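Atoms within a ligand are numbered from 1 in the order they appear, just like the ligands themselves. None of the values given here were measured: they were computed from a predicted structure.
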Amino acid sequence: MPIHEKSLIRPEDLQTHDKLVIDGVDVSGHWSTFIQNRAITDYNEKMEDEIAALPGGEQIHRCWQCGSCTNSCTVNAINPDFNPRYWIYLARLGLESELVRDKDIIWQCVSCHKCTYSCPRDVVPEGVMKAMAQWLELKGHTPVSPSHHFDQEFTDQVVATGKIEEGRVIRGFFRRTGQPLAQDWLVEMMRRIAEKLPFLFAIKMAFATVFRPRTRGWGRVQVALSDYIAARRARERQALGLPPASADH
Ligand code: SF4
Ligand code: SF4
């Protein structure tokens with residue numbers, strides 16, 4: 001399906017003539033708007049499969065370009081350049097360089113899932129947005145996002161102990177993203193929580209902070225989870241034509 005929306009045509013690809021007369025008809029200015037001819041030579045024929053190999057992108061092939069996702073999108077209502085339908089179109093055609101031009105806004109999806117509920121084809125556009133953001137990271141087009149760092153810290157803690165301890169997740173997230181632990185908003189939040197927290201609960205929290213909680217008999221689950229995650233990541237990297245990840249990835 002060709003692109004018809006003028007808003008999606010880059011301004012540099014539009015051409016008008018201040019003064020143009022064709023066969024005696026004055027078509028100056030707006031009336032002589034043309035789209036520049038261009039030859040696209042950088043197709044990535046595997047791009048749809050690459051996105052489909054990442055979590056959330058599995059159903060990208062089902063899209064029939066109705067636009068319901070974009071029409072219902074929370075972020076699109078604020079920023080018209082945020083356009084899931086268009087990005088799915090680019091990915092399915094393999095227009096990699098076109099998608100990369102929007103790399104700085106694709107990650108802005110807020111996971112509200114309005115698109116998911118409005119999609120008539122069960123594409124799960126929210127998942128596709130996540131897959132695209134991960135694809136951009138894995139291909140080296142964008143740095144690892146803070147939300148990915150958070151997910152990684154969360155996952156690592158679940159795998160390690162079978163439990164989540166919020167304070168430890170926050171500390172790990174700050175360490176990964178190079179942020180100081182003593183942030184004004186955090187100190188203020190902790191102060192307010194401390195004021196309202198029942199004494200017994202505060203003791204439990206302090207205990208969990210010092211002694212890492214762990215699910216009993218977690219060892220075998222941990223091995224199975226670790227194996228699954230490693231196999232999954234290896235498959236994803238292979239699908240994207242990337243070398244195997246180093247042990248610390
Ligand atoms: S989940 Fe993301 S893409 Fe879908 S409507 Fe919400 S912000 Fe838009
Ligand atoms: S709503 Fe679904 S089918 Fe329609 S454009 Fe979006 S992803 Fe494609």
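Heavy-atom proximity to W64, at under 4.0 Å, picks out these atoms of ligand 2: 3 (S), 8 (Fe). Each of the atoms 5 (S), 8 (Fe) of ligand 2 lies under 4.0 Å from some heavy atom of Q65. Against a heavy-atom cut-off of under 4.0 Å, V75 is close to the following atoms of ligand 1: 7 (S). Taking a cut-off of under 4.0 Å to the non-hydrogen atoms of R85, the atoms of ligand 2 that pass are 5 (S). Those atoms of ligand 2 with a heavy atom of C119 less than 4.0 angstrom away are 1 (S), 2 (Fe), 3 (S), 7 (S). Those atoms of ligand 2 with a heavy atom of I88 less than 4.0 angstrom away are 7 (S). Short contacts between ligand 1 and E126, defined as distances under 4.0 Å to a heavy atom of the residue, involve ligand atoms 1 (S). Which parts of ligand 1 touch V110 is read off a 4.0 Å heavy-atom cut-off, strictly below it: atoms 2 (Fe), 7 (S). Of all atoms in ligand 2, numbered sequentially from 1 with element shown, those under 4.0 Å from a heavy atom of P120 are 1 (S). Every atom of ligand 1 with a heavy atom of C115 under 4.0 Å away is listed here by number and element: 1 (S), 3 (S), 4 (Fe), 5 (S). Within the listing of ligand 2, atoms 2 (Fe), 7 (S) sit less than 4.0 angstrom from a heavy atom of V123.
The single protein non-hydrogen atom nearest to atom 8 (Fe) of ligand 1 is C73 SG, 2.3 Å, given as residue, atom name and distance. Scanning the protein heavy atoms around atom 6 (Fe) of ligand 1, the nearest turns out to be C112 SG, 2.2 Å. Here the protein heavy atom with the shortest distance to atom 1 (S) of ligand 1 is H113 N, 3.2 Å. Scanning the protein heavy atoms around atom 2 (Fe) of ligand 1, the nearest turns out to be C109 SG, 2.3 Å. Looking only at heavy atoms of the protein, atom 5 (S) of ligand 2 is closest to G67 N, 3.2 Å. Of the protein's non-hydrogen atoms, the one nearest atom 4 (Fe) of ligand 2 is C66 SG, 2.3 Å.
The shortest distance between side-chain heavy atoms of C115 and C73 does not fall below 4.5 Å.
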Using the rule given for side-chain hydrogen bond (donor to acceptor under 3.5 Å, both in side chains), can you reason through N83 versus T70, listing the C-alpha separation, both sets of side-chain angles and the distance that settles it, and then say yes or no?
CA-CA 6 Å; N83 192 333; T70 298; 2.8 Å; yes
key: Criterion salt bridge (charged side-chain N to carboxylate O under 4.0 Å, His left out) on R191 and E188, from CA distance to verdict   = CA-CA 5 Å; R191 188 184 66 76; E188 179 62 17; 2.7 Å; yes
Item checked: Stepwise salt bridge (charged side-chain N to carboxylate O under 4.0 Å, His left out) check, R92 with E50 -> CA-CA 10 Å; R92 297 200 63 200; E50 290 176 0; over 6 Å; no
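Residue V123 forms a side-chain contact (heavy atoms from CB on, under 4.5 Å) with just one option from H61, E58, R85, R62, and that option is R62. Partner of R176 under the side chain to side chain donor-acceptor pair (under 3.5 Å) criterion, out of E153, H148, Q152: E153 alone.
The distance from atom 6 (Fe) of ligand 2 to the nearest N/O/S atom of C69 is under 2.8 Å.
The aromatic rings of F82 and W87 lie perpendicular to each other, with more than 60° between the two planes, well past the 30° mark. Using cut-offs of 30° and 60° for the angle between ring planes, the Y89 and Y86 rings count as parallel.
A donor-acceptor distance shorter than 3.5 angstrom exists from the side chain of S32 to the backbone of G29, with no hydrogens or angles considered. The closest donor-acceptor contact from the side chain of Q222 to the backbone of V159 lies under 3.5 Å.
A salt bridge is absent between E236 and R233: the closest approach of a Lys/Arg side-chain nitrogen to an acidic carboxylate oxygen does not fall below 4.0 angstrom.
Contacts between V128 and ligand 2, counted as non-hydrogen atom pairs separated by less than 4.0 Å, are absent for every part of the residue. If you look at P125 next to ligand 2, the close heavy atoms, those under 4.0 Å, all belong to the side chain.
For the pair C109 and E126, the tightest heavy-atom approach, listed with the atom from each and the gap, is SG-CG, 4.1 Å.
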